[in-house]
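These notes are about the structure you will find just below.
To find a chain, count down the sequence lines: A is the first, B the second, and so on, and within it residues start at 1.
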Amino acid sequence: MPGYNPASIEKKWQAFWLQNKTYATSTSTAQPKFYALDMFPYPSGQGLHVGHPEGYTATDILARYKRAKGFNVLHPMGWDAYGLPAEQYAIKNNVHPRETTAKNIHHFRRQLQSLGFSYDWDREVDTTDPTYYKWTQWIFLKLYDTWFDEHQQKGRPISELIAEFESGKRPLPAMGNRQSAIGNDWSSLSPTDQRQILANFRLAYEAEVPVNWCPGLGTVLANEEVIDGKSEVGGFPVERKPMRQWMLRITAYAERLIGGLQNLDWSDSLKDMQRNWIGKSEGAEVTFEIAHLQSPLTVFTTRPDTLYGATYMVIAPEHPLVLTLTTADQREKVEAYRKWAASRSDRERQEDTRKTGEFTGTYAINPVNQNQIPIFISDYVLMGYGTGAIMAVPAHDDRDHEFATKFKLPILQVVAPLDGSRVDVQQEAFTDEGLAINSPWIENLPTQDAKKKITALLEEKSLGKKTINYKIRDWLFSRQRYWGEPFPIIHLQDGTSVRLADDQLPLTLPELADFKPTGTIDPPLSKADDWVNIHVLIEDRAGASLARVVPASTPGAQPARRELNTMPQWAGSCWYYLRYTDPHNTHAFVDPQIEKYWLGSLAPNGGGVDLYVGGVEHAVLHLLYARFWHKVLHDWSLVSSDEPFRKLVNQGLILGEMEFTIIEDTTTGQHLSALDLPAEIERAMDDDNPRYKLVKLDDTQVEKKGEHFVLKSDHSLRVDARSFKMSKSRGNVVNPDDVIRDYGADSLRLFEMFMGPLEQVKPWSTAGVEGVYRFLQRVWRNLFDENDNPKITDAAPDDATRRALHKLIKRVTDDIERMSFNTAIAGMMEFNNFLGKSAPTAGSGGAPNLIAREVALTFVRLLEPYAPHFAEEVHARLTQSSTLSPQSSISALPWPNYDPALLIDVTLDLPVQINGKLRSRISVPHDSDDSTIFATTLADPEIQKQLAGKEPKKKIYIKGRMVNLVV
RNA sequence: GCCGGAGUGGCGGAAUGGCAGACGCGAUGGACUCAAAAUCCAUUAUCCGAAAGGGUGUGUGGGUUCGACUCCCUCCUCCGGCACCA
């Protein structure tokens, strides 16, 4: 069958590309480089959905374009293959997660290859491969061996900290109540004590922390993985519970993680999401003495200027001083409140924010005026933020106002509006900035100045200090799961832990027949007895301990146990972009020279990945975690840039096809609008045998009336017209395999790029896929006759065609550079329509003109990044290569250049406006001077009619664009 | 509530200070066909008008400008994120 037939050509070219390694990245570092990175997928059992090809096509277009521009392009793909779903599936179906993972990877790889992406498949990485996770463990140990020097704002080797302790340059920190026993001589400490001290500094440390324990999954979850008190995966309830966990000290890097955002080419919204997550707020800590008590209480506030308005104080129920502060007669009530607050889940707390609390019976002394103010406990104050205690200023804080009103506490105004207006703070808190009043130290100062002055005074009198707080908490880094990277950590009998020696990596995951959760807090790895119980020799490395696993019979060997937790799924994705640059290195996670070439600051654009595209769902977590690891590696001079991802784009979600729906009452056959459904109907639809059902309508049954869609047959019935997120339950999921089967990969790629701007949310449209499919058909028919013989001539193209072609080159090139793919495709469609007019297809009447070979080849060269199989096939047919070689691929052709002289039209067709309204148009030679243009304009009959003899007050000519006359 | 983004035909969208609606979908009419599909041609913001032509029009109201979808201010709506973070 002649004509464009994607099914037959796509397979052929995919095989050709793989066989010839057409898209292999060069190991030479002579050329300029371009690193186009996709967020690697979790290979789920569902396979690809249409959202994947969206971002992947965008980077593929850039990769293909940059190759044609002479760049050495790194465009890799891999698998983020550890993770809960594989383990859940494995437990349910009793297969090893390794098997399902391998199967899923195979499926994903086949699907991606069927889309024609130009990945270098020799650089594939798999986070579950021991040759990969060896280095994940190695980097973890780097974090373990790092402490954060606040002064230098930099991670430094733990050995340098030891050296500072040894030399006495840094005093030994206190160790709880053993302070006096420790002394101040590092080398006289026992190894156990030394290890305990160091553990307080390491970026990777163990801590007993209240965690989100999810009994349903048998694991703890990060805060980020808990949504509304339920697990993000599976939706199981989550409870708070203190457990020993591995933590990463990401909080130490908070300031640098904020600062680093500034120079990144990321969207503002994405940067804001990261900033909000880190949650920096500047304020002051203020110390309040407690009446009749020795120990003072410190609060954090961002409004120190309202200190005179503090009429009471609140501490969190879990605050360690609660019991000390509570008087005997209040004890019973306070205890009861504490118990009640502890039993409340996060969810309940979020849903019910009405203020509750209890008076402790004790008073604090306001340091600026010596007023005694009552101390309450309440769960609206969180232990995890600031100091877990606040000064309450009900006149100027909504939450304090609500509490004060309920507990009948005094409300004292200390800030007045700037405009002199009156506010009634008894009724409502005034939270804006203004002028300080009733505040002797700062009377009449505007808020900003008042903050500065009172903070300075507090510091002077040792009553407080300027403080910065962050919302971000340390990263909970361990999971009670089987399917993850084991920690290269050994627990000794003295209760301390020690890292494994580098040369004993990778620490491979033990084979377990039964990897189900134990049902207790013990992780599944506790079942691997032989693996867990080992003997080690402890070595001393620059003062730090290191464990080496040895046979039990080895002299000096001591019994020990391995860490039973595994790392979270984020671990492997924190550094995969580095591994792609040097994926087979067995000596290092990446070779320094290679890293420098691909990510170094010597690169023209300042280092990091040149383009990173992925879903917005990773806006905070993955991107924050990866940036954190990258900065630690940078502090070790192991990577040459401070930021990993210079330019980042989030592709918009693809929604399901637009749906028109109404509701049918099945008993009466009556139709109802599906908009604003009464609650009882909505409920009834969930019944097993629903009285009401949703009726989907064809778009021919519907029309627009005013603001709304209505039924054509009944204008009074409003139709619900909406696109929904694709979901199995809605039945609106589009499978890319089906689209490829029906229209081919090129049409899928083209359509996803043509739908609209990459970053935008947009609905799927099957008719739209057909539209781009027809476009490719038309291109084919313009170039080949009904027997697939080329309608091509070697004669030079006519002037108009040449000009149109050069305009197209410029347009497509500029549009790719700014990632405006939809408009580039529109340009190619226009050009093809132009070709169709000059070379009418057979059957349409006109005598078929032949298209110049040069024009056809340049056109498909521009089309290749979007529709590579199609372009290869056309190129091969037009060049009539009988044997296919790597050089015969269209990708061996350079990107065309345009001749700027050809972009200028010989005659200008200028619109003429009078007072900004279009009235006429004139034609002038493109090089006419202003006076010629105005003369032509005034001579124009239409303009003369409009002016009716009036002389324009002002004549404006915008070069090459338009003329405007002001009368 | 706070932060960010967006409002343009029946639909997806184009135009980032200079001809609003490119391109595509859908729709309508026509050609080809015994017929259908496919393909091709034409029309397609809206109002007035037979037409020529003219008026209006980018969520709302105002402003800046010779000129505003585009910049500034007000309000409204939708989407995304955060949310008792002191």
Side-chain angles (χ1 to χ4, degrees), chain A residues 267-273 275-277 279 281 283 299-303 306 314 349-350 352-355 378-382 384-393 396-400 402-403 431 469-472 616 619-620 650 652-653 658 699-700 702-705 709 721 723 750-751 754-757 759-772 774-775 777-778 781 820 822-830 833 836 840-846 909-918 921 952-967:
Chain A
S267 70
D268 288 340
S269 67
L270 191 61
K271 288 185 186 180
D272 274 336
M273 279 167 81
R275 282 195 199 102
N276 289 341
W277 191 264
S281 57
V299 303
F300 173 73
T301 177
T302 54
R303 290 295 299 273
T306 62
V314 186
R349 211 160 148 157
Q350 268 164 31
D352 181 12
T353 57
R354 279 175 302 180
K355 300 291 174 286
S378 171
D379 69 352
Y380 85 91
V381 172
L382 310 172
Y385 184 75
T387 60
I390 61 158
M391 62 178 212
V393 185
H396 305 289
D397 181 281
D398 291 324
R399 297 152 300 182
D400 296 345
E402 191 190 337
F403 189 90
T431 55
N469 255 307
Y470 300 92
K471 274 196 260 182
I472 192 172
V616 73
V620 264
N650 288 126
L653 192 68
M658 161 105 93
D699 55 4
T700 56
V702 166
E703 67 184 334
K704 186 126 178 183
K705 190 183 159 197
F709 284 92
S723 289
L750 270 173
F751 171 66
F754 187 58
M755 293 166 87
E759 299 189 66
Q760 201 161 298
V761 178
K762 40 209 177 271
W764 182 263
S765 159
T766 302
V769 186
E770 274 178 55
V772 294
R774 279 202 288 264
F775 161 62
Q777 305 266 29
R778 279 195 288 264
R781 281 197 304 270
S820 177
N822 53 334
T823 52
I825 294 168
M828 291 188 279
M829 286 174 168
E830 277 177 64
N833 292 343
T841 44
S844 64
D909 185 30
L910 291 176
V912 180
Q913 295 181 345
I914 293 175
N915 291 340
K917 276 191 193 296
L918 180 71
R921 4 185 19 106
K953 275 185 259 175
K954 199 167 171 185
K955 293 178 282 193
I956 298 153
Y957 171 52
I958 307 297
K959 196 156 173 39
R961 304 307 294 254
M962 62 159 348
V963 179
N964 190 20
L965 303 178
V966 186
V967 293

Worksheet entry | Comparing A:Ala767 and A:Tyr380 on RNA chain B - which has the more 5′ nearest nucleotide |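 Counting from the 5' end, the first nearest nucleotide belongs to A:Ala767.
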
Discussion item. Here's a test of your reading of the structure: between A:Ser820 and A:Val381, which maps to the more 5' nucleotide of RNA chain B?
Written reply: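 That would be A:Ser820.
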
Discussion item. Would you call the rings of A:Tyr385 and A:Phe300 parallel, tilted or perpendicular, taking 30° and 60° as the class edges?
Written reply: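 Rings of A:Tyr385 and A:Phe300: perpendicular, as their planes differ by over 60°.
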
For [N], the Watson-Crick or wobble partner whose two distances fall under 3.5 Å:
| N | result |
| --- | --- |
| B:C34 | none |
| B:C75 | B:G59 |
| B:C66 | B:G18 |
| B:G26 | B:U44 |
| B:G80 | B:C3 |

What nucleic acid atoms does [X] come within less than 4.0 Å of, heavy atoms only: base, sugar-phosphate, or nothing?
| X | result |
| --- | --- |
| A:Thr353 | base |
| A:Glu402 | nothing |
| A:Ser378 | nothing |
| A:Gly771 | sugar-phosphate |

As a test of reading the structure: which of [options] is closest to the side chain of [X], going by heavy atoms?
| X | options | answer |
| --- | --- | --- |
| A:Phe754 | B:A22, B:C11, B:G12 | B:G12 |
| A:Ile958 | B:C11, B:C66, B:G18 | B:G18 |
| A:Phe709 | B:C11, B:G18, B:C40 | B:C11 |
| A:Ala826 | B:C23, B:G24, B:G18 | B:C23 |
| A:Gln913 | B:C19, B:C11, B:G24 | B:C19 |
| A:Trp277 | B:C82, B:C19, B:U39 | B:C82 |
| A:Pro757 | B:A14, B:A86, B:G24 | B:A14 |
| A:Arg781 | B:A86, B:C40, B:G13 | B:C40 |
| A:Met829 | B:G24, B:A86, B:G26 | B:G24 |
| A:Asn833 | B:C23, B:A86, B:A15 | B:C23 |

In whole Å, measure the gap between the [atom1] atoms of [N] and [M] for me.
| N | M | atom1 | result |
| --- | --- | --- | --- |
| B:C3 | B:U64 | C1' | 28 Å |
| B:A15 | B:G26 | P | 23 Å |
| B:C76 | B:A68 | P | 26 Å |
| B:C69 | B:U58 | C1' | 5 Å |
| B:U46 | B:G10 | C1' | 13 Å |
| B:G59 | B:U74 | C1' | 14 Å |
| B:C40 | B:C11 | C1' | 25 Å |
| B:U70 | B:G17 | C1' | 7 Å |

Item to complete: Take A:Asp400 and A:Ile390, measure what side chain to side chain contact (heavy atoms under 4.5 Å, CB included) needs, and give me the verdict at the end.
Response: CA-CA 10 Å; A:Asp400 296 345; A:Ile390 61 158; 3.6 Å; yes

Please state how far atom [atom1] in [X] lies from atom [atom2] in [N], giving the value in whole angstrom units.
| X | N | atom1 | atom2 | result |
| --- | --- | --- | --- | --- |
| A:Asn469 | B:A86 | CG | P | 8 Å |
| A:Asp272 | B:A83 | CG | P | 15 Å |
| A:Lys471 | B:A83 | NZ | C1' | 7 Å |
| A:Met755 | B:A22 | CE | P | 20 Å |
| A:Asp400 | B:A86 | CG | P | 12 Å |
| A:Asp268 | B:G5 | CG | P | 6 Å |
| A:Arg961 | B:G67 | CZ | P | 18 Å |
| A:Asn915 | B:U65 | CG | C1' | 13 Å |

Worksheet item: Could a donor-acceptor pair under 3.5 angstrom be found where the side chain of A:Lys953 meets the base of B:C66?
Response: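 No such pair is found, so the answer is no.
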
Item to complete: Can you check whether any acceptor in the base of B:C82 is under 3.5 Å from a donor in the side chain of A:Asn276, or vice versa?
Response: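 Donor-acceptor pair under 3.5 Å: no.
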
Discussion item. On the six-membered ring of A:Tyr380, is A:Lys355 placed so that its NZ or CZ lies under 6.0 angstrom from the centre and within 45° of the ring axis?
Written reply: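 Verdict for A:Tyr380: a cation-pi partner in A:Lys355.
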
Discussion item. Checking understanding here: a glycosidic angle within 90° of 0 is syn, the rest anti, so what is B:G9?
Written reply: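 Chi for B:G9 falls in the syn range.
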
Using a cut-off of strictly less than 4.0 Å, decide whether [X] has a side-chain nitrogen or oxygen near OP1 or OP2 of [N].
| X | N | value |
| --- | --- | --- |
| A:Arg774 | B:C25 | yes |
| A:Asn822 | B:A14 | yes |
| A:Lys762 | B:G24 | no |
| A:Ser267 | B:G5 | no |

Taking all heavy atoms of [X] and all of [Y], pick out the closest pair and write down the distance.
| X | Y | result |
| --- | --- | --- |
| A:Ala721 | A:Phe709 | CB-CD1, 3.6 Å |
| A:Asp379 | A:Leu382 | O-CD2, 4.2 Å |
| A:Val381 | A:Ala389 | CG1-N, 4.1 Å |
| A:Pro757 | A:Lys762 | O-NZ, 2.9 Å |
| A:Met962 | A:Leu910 | N-CD2, 3.9 Å |

Practice prompt. Identify whether the distance between the nearest side-chain nitrogen and carboxylate oxygen of A:Asp272 and A:Arg275 falls below 4.0 Å.
Written response: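 Answer for the salt bridge query: yes.
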
